[in-house]
Amino acid sequence: MTDRIKATFDHLASQGRTALIPYVTAGFPQAADTVPLMHEMVEAGADILEIGVPFSDPMADGPTIQRANDKALAQGMKMTGVLAIVREFRRENGRTPIVLMGYANPVERMGMLPFIEAARSAGVDGVIVVDYPPEESAEFAAAAKAAGISPIFLLAPTSTDQRIEAVAQIAAGYVYYVSLKGTTGSGNLDVEQVQRQVVHIRSRVPLPVGVGFGIRDAESAKAIAAEADAVVIGSKLIELVEAAADADDAREQVRVFLAEIRAALDQNLKPVREA
């Protein structure tokens with residue numbers, strides 16, 4: 001199985017470019033909207049797609065993504081539906097990496113090994129389980145890696161060096177640095193602090209470092225890209241979809257926004273690092 005995440009980061013690094021990773025909640029606002037939106041994001045310049053698995057208590061997410069979770073769940077979106085969305089996307093796109101982002105409960109309900117096998121079969125490349133601490137996730141990480149799926153872990157401003165080392169031992173694909181103390185979509189970015197922390201993490205974790213939470217415009221994305229290997233944008237996209245007149249308008253709003261982010265990132269090329 002091709003490691004699409006590694007291939008993507010290696011290709012971007014060879015050009016000095018930063019990965020753009022947009023997030024959308026599967027099944028929001030309607031199940032039928034998700035796959036067309038995924039294709040639109042790729043056309044607009046997305047390099048990796050993070051797909052949220054709806055859950056009733058998404059503790060790391062702010063009110064915007066919580067509303068999206070609630071609406072998707074109210075329409076019956078479950079893990080099986082999320083994987084069906086991935087399979088449908090894969091019929092037309094076998095290139096773009098897909099990362100599922102969610103919580104332990106849906107994984108545990110399906111069963112760890114059945115979930116990993118179902119995700120592999122659907123075409124998932126990576127999994128972020130927000131409430132799987134690295135110190136207790138060695139079995140999950142090993143099983144995911146054996147199936148060709150990257151276990152991706154979060155690090156935060158409060159992460160100790162011990163926690164960073166624990167993540168370094170078992171993570172694959174990339175690590176996700178949460179730029180704010182709080183939930184998604186909250187607070188103001190301290191860009192210099194984020195840049196310093198990215199450098200600190202990279203000195204201890206031999207993987208690309210993506211930054212998310214609080215990146216809402218081209219200016220902040222460009223500033224973060226000075227050090228980060230990827231920028232992750234979620235809440236702002238959900239807000240655009242939520243405010244759109246219909247599905248066509250949602251795709252257009254997302255396309256225009258991501259194209260602006262992509263252009264900003266490509267204005268901030270970094271020295272080329274060998275893959």
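Worth knowing before you read on, the calculation uses all heavy atoms, side chains too, and leaves out hydrogens, waters and symmetry mates. Keep in mind it's a predicted model, so treat the numbers as computed, not measured.
- Using a 4.0 Å cut-off between charged nitrogen and carboxylate oxygen, Arg196 and Glu227 do not count as a salt-bridge pair.
- Note that the CD atom of Glu50 and the OG1 atom of Thr25 stand 11.0 Å from one another [nearest 0.5 Å].
- Within the 3.5 Å criterion, the main-chain N or O of Pro133 finds a donor-acceptor partner in the side chain of Ser137.
- Contact check on Glu117 versus Arg120 returns a salt bridge, with a Lys/Arg side-chain nitrogen under 4.0 Å from an Asp/Glu carboxylate oxygen.
- Between Ile5 and Phe9, the closest side-chain pair of non-hydrogen atoms falls below 4.5 Å.
- Aromatic ring centres of Tyr132 and Phe140 lie closer together than 6.0 Å.
- Ionic pairing of Arg251 and Asp33 is not present here: no N-O contact between side-chain nitrogen and carboxylate oxygen is shorter than 4.0 angstrom.
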Please lay out, stage by stage, how Lys270 and Arg17 fare under the test side-chain contact (heavy atoms from CB on, under 4.5 Å).
CA-CA 6 Å; Lys270 297 185 281 288; Arg17 298 171 69 217; over 6 Å; no
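- Of the options Ile233, Ile261, Leu237, a side chain to side chain contact (heavy atoms under 4.5 Å, CB included) to Pro22 is made by Leu237 and by none of the others.
- Here Asp47 pairs with Arg262 in a salt bridge; the nearest charged N to carboxylate O distance falls below 4.0 Å.
- Between Lys71 and Glu242 there is a salt bridge, since a side-chain N of the basic residue sits under 4.0 Å from a carboxylate O of the acidic one.
- For Gln195 against Ala226, the heavy-atom pair with the smallest separation is NE2-CB, 3.6 Å.
- Nearest heavy atoms, Leu154 versus Val167: O-CG2, 4.4 Å.
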